[in-house]
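Contents: one structure, followed by commentary.
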Number of protein chains: 2
Amino acid sequence: MGTTQLETVPEPKYWHLRTVLSEALESEFSVGEILPNERDLAARFGVARATLRQALEQLELEGRLQRRRGVGTTVAPPRVGVAVGTEQHAWPGAGEDGWQATDSALAVPPATVADALVTGAEDPVHIVRRSRVTHGQPVAAELLYVPQSSVPDLSAIDAPSGAARARAVLRELQRLELEGQESAVELGSARADEARELDRLTGAPVLVVTTRYLAHGRTAALSVATYRADTCRLTFGDTGGVEIHQDPERRAS
Amino acid sequence: MGTTQLETVPEPKYWHLRTVLSEALESEFSVGEILPNERDLAARFGVARATLRQALEQLELEGRLQRRRGVGTTVAPPRVGVAVGTEQHAWPGAGEDGWQATDSALAVPPATVADALVTGAEDPVHIVRRSRVTHGQPVAAELLYVPQSSVPDLSAIDAPSGAARARAVLRELQRLELEGQESAVELGSARADEARELDRLTGAPVLVVTTRYLAHGRTAALSVATYRADTCRLTFGDTGGVEIHQDPERRAS
DNA sequence: CAGTGGTCTAGACCACAAT
DNA sequence: TTGTGGTCTAGACCACTGT
C-alpha cells in the first residue's frame, strides 16, 4: 500500500478511500493480516482520522474488515454462508444444525410477538434462548417463542429455567406436524445483550430473521434470530446445492 | 419532545440519544412528520452535531427515519414486506410481481458470475436490468445473467439492447422447466449506479439477494438484486400467509 | 504500561432542494 | 437565497487488549 495521494474527484473522499483500500486489500493483504493503525493510515492518505474511519466503517459493513478495540483492524475472511430457510421444513432443534439451546423460561412476550402468536396479550409463553456457532465464531442469537398450547404435555416439566428445560421445549415441539414456515429478513442493530452474545459492540448491524412455524393451521412458534451482518451470508434454498460466492466488489459488466 | 438533559450513563451518548429519540418517535411523532433540524436537535440535547448524527444514523439504519439532503429528516413508515423467495418456483418475469425490465445486452459477466454459471470466463451472457417498485417507491435494482445456452432460440432477436430485448430474454426463459432456486442474502453498500436507481446516496446500506435458478441440472440464470435496507423487509415463505410485523424496538421479555 | 479502536467536540464548508 | 443534511478537520479523551 503506497503513500498514494488522493486526487480531486467529484466523489466524497471517504468513498474514494474505500475504493483504494478495497483494492489494496485484494492485492496486498491476506486474510487475518493486521492493517496499520488508524492514525498512521490517516496520515498516509493525508486525511483526518474521522474520514479514514468512515471508509473503514464501510468496508467493515461489507464484511471486508474486522475491527477490534485494543487490538487493531484485520482483513476479514469471506462471509460464511449460514442456512436459515432450508426446504426440509424442520422444527428448530431438529438434528445437528449448529444451534445450542441455552435457557428457557415462561414469560409474557412483547406485544408484537403476542400478536403474531394467537395468544392473548397477557398470556405467558415459553421463551427459549439459543445461540448459533459456526467455525468457532458466534453468528446468531435467537429468541424462540412457543405458546403453551403448542406443547401441552410440557406441564410435567418442573424446572423453571435452564438449558435442560430449553431442550425439553424443543423436544415437545418435534411432536407437532410442521405444515410450513415463513421468514422475513431485515436490517437492525444489536441490542446490548445481543451484542455481547455476538462478540460485537452495541449497535452493530445485524440481520434480523423472523420465522413463523405453522402447525394445525396456526402459528405454533415464532423465532426472532439476529445474525451478525458483517460475517454472515444467509442462504435460503430448496436444492441443497453448491455455494454461491459473491465478488467483493460486485462488479457489473 | 422536551429539552431533556442526558444523564451520565455507562453507555455512549449517541446510543442513549438513539433510545430517547426512538421513544419520542413513538409517542410524539407520526409517520411522515418532519423533525427539527440537526443543529437544533443537537443544541436541544446538549451534544455536538456529530453525536446527534450518529444517533440519527442508527435510527435510519433501522428504518425508523428518512433523511434527505436539502429537505430534512422525516419519520419513516413501517418497512414494506417484499416477497423474494416464494415457493411457486417461478422464473423472473413471470406474472405481475412489481418488476420492470428496463434493458438488456450481451456482455461478458464478472468473473464470479461466470464461475456460478457454467460458462467459460470470456463467454458473453445476456444481462437483463430490472427495477422493482412498490407503493410508488423504488425498492430494488437487479442484474440478471442468462447464459446464451439457456435461451438458444433468442438468436432470432436482432435488437442489441433495450427494454423489448429484455422482455424477450425473460420470455424465452419461461420455456425452460424450472427445477428449483436458491438464494442468499447479505449486507452490502450501494454502488453509485445502484444508489441513483434506488434514490439514495452512494454507499447506502442494501440487502444483496443472489438467486440461482436451476434447470436441466445446471444454473440457467443468476440474479443479483440489491434492495434498500432501510425500507425493505424481505420475506421468504412457503405459505403465502399473513404479514409478520416487527416491533420497532424488538423488546425482549 | 503502551497501543489500539471508540466516542465526542466545535467548528468549517459543500451539495442539494425549495422558495 | 435560504435552510437542510453531507462531508471534513484537528484535536481531545475514554475503554479495552495485550505485555
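Note on naming: letters A, B, ... go to the chains in the order of the sequence lines (proteins, then strands), and numbering restarts at 1 for each one. All heavy atoms count here, side chains included; hydrogens, waters and symmetry mates do not.
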**Study point:** Residue Ala48(A), side-chain heavy atoms: nucleotide from dT9(C), dT7(C), dT9(D) that is nearest
**Key:** dT9(D)
Point to revise | Under-4.0 Å side-chain N/O to phosphate OP1/OP2 contact, Tyr14(B) with dT7(C) | key: yes
Check your understanding: Can Ser30(A) and Glu33(A) be counted as having a side-chain donor-acceptor contact under 3.5 angstrom?
Key -> yes
**Study point:** Atom-pair distance (CG on Leu65(A); P on dG5(C)), nearest Å
**Key:** 11 Å
Study note, to complete from the structure: note: Glu60(A), atom CD; dG6(C), atom C1'; distance rounded to Å ~ 11 Å
Exercise for review: Could you state the atom-to-atom distance from CZ of Arg196(A) to C1' of dC16(D) in whole Å?
Suggested key: 16 Å
Study note, to complete from the structure: Closest of dG5(C), dA17(C), dT17(D) to the Val71(A) side chain is dT17(D)
Revision key, fill the gap. The nucleotide from dC8(C), dT7(D), dT9(D) with an atom nearest the side chain of Arg53(B) is dT7(D)
Practice item. Establish, with yes or no, whether the OP1 or OP2 oxygen of dT4(D) is under 4.0 angstrom from a side-chain nitrogen or oxygen of Thr73(B). Key: no
Practice item. Check the side chains of Arg64(B) and Ser22(B) for a donor-acceptor pair under 3.5 angstrom, ignoring hydrogens and angles. Key: yes
Exercise for review: Write down the distance between CG (Asp40(B)) and C1' (dG5(D)), rounded to a whole number of angstrom.
Suggested key: 13 Å
Review point. What is the distance from CZ of Arg18(B) to P of dC8(C), rounded to the nearest Å?
Key: 14 Å
Practice item. Show the numbers, then the answer: is there a side chain to side chain contact (heavy atoms under 4.5 Å, CB included) between Thr74(B) and Leu35(B)? Key: CA-CA 6 Å; Thr74(B) 55; Leu35(B) 266 61; over 6 Å; no
Revision key, fill the gap. Contacts of Gly70(B) and Gly70(A) projected onto DNA chain D by closest heavy atom; the upstream (5') one is Gly70(B)
Review point. Bend angle of the helix from dC1(C)-dG18(D) to dA18(C)-dT1(D) from five-pair axes at both ends, rounded to 10°?
Key: 10°
Review point. Which is true for Leu201(A) with a 4.0 Å heavy-atom rule: it touches a base, it touches only sugar-phosphate, or it touches nothing?
Key: sugar-phosphate
Exercise for review: Could you tell me whether Arg68(A) contacts a base, only the sugar-phosphate backbone, or nothing, with contacts defined as non-hydrogen atoms closer than 4.0 Å?
Suggested key: sugar-phosphate
Check your understanding: Where does the angle between the aromatic ring planes of Trp99(A) and Tyr227(A) fall among parallel (under 30°), tilted (30 to 60°) and perpendicular (over 60°)?
Key -> perpendicular
Check your understanding: Rounded to whole angstroms, how far apart are CD1 on Ile34(B) and P on dA17(C)?
Key -> 14 Å
Exercise for review: Give a yes or no on whether a salt bridge exists between Glu186(A) and Arg79(B), defined as a side-chain N under 4.0 angstrom from a carboxylate O.
Suggested key: yes
Check your understanding: Using 4.0 Å as the upper bound for N to carboxylate O, is an ion pair formed by Arg53(A) and Glu38(A)?
Key -> yes
Revision key, fill the gap. Closest of dC8(C), dT9(D), dG5(C) to the Lys13(B) side chain is dC8(C)
Exercise for review: Please report, rounded to the nearest Å, how far the P atom of dT7(D) is from the CZ atom of Arg69(B).
Suggested key: 6 Å
Practice item. Using a strict cut-off of less than 4.0 Å between a Lys/Arg side-chain nitrogen and an Asp/Glu carboxylate oxygen, indicate whether Glu60(B) and Arg200(B) qualify as a salt bridge. Key: yes
Review point. Do the side-chain N or O atoms of Thr51(B) get closer than 4.0 angstrom to the phosphate oxygens (OP1, OP2) of dT9(C)?
Key: yes
Exercise for review: Return no unless some side-chain N or O of Arg49(A) is found under 4.0 Å from OP1 or OP2 of dT9(D).
Suggested key: no
Practice item. Using only side-chain N and O atoms of Arg67(A), determine if any of them is under 4.0 Å from OP1 or OP2 of dG6(C). Key: yes
Check your understanding: So, is Asn37(A) near the phosphate of dT4(C), with a side-chain N or O under 4.0 Å from OP1 or OP2?
Key -> yes
Review point. Is there a donor in the side chain of Thr211(B) and an acceptor in the side chain of Ser223(B), or the other way round, less than 3.5 Å apart?
Key: no
Exercise for review: Send over the distance from Gln66(B) CD to dT4(D) P, rounded to a whole Å.
Suggested key: 18 Å
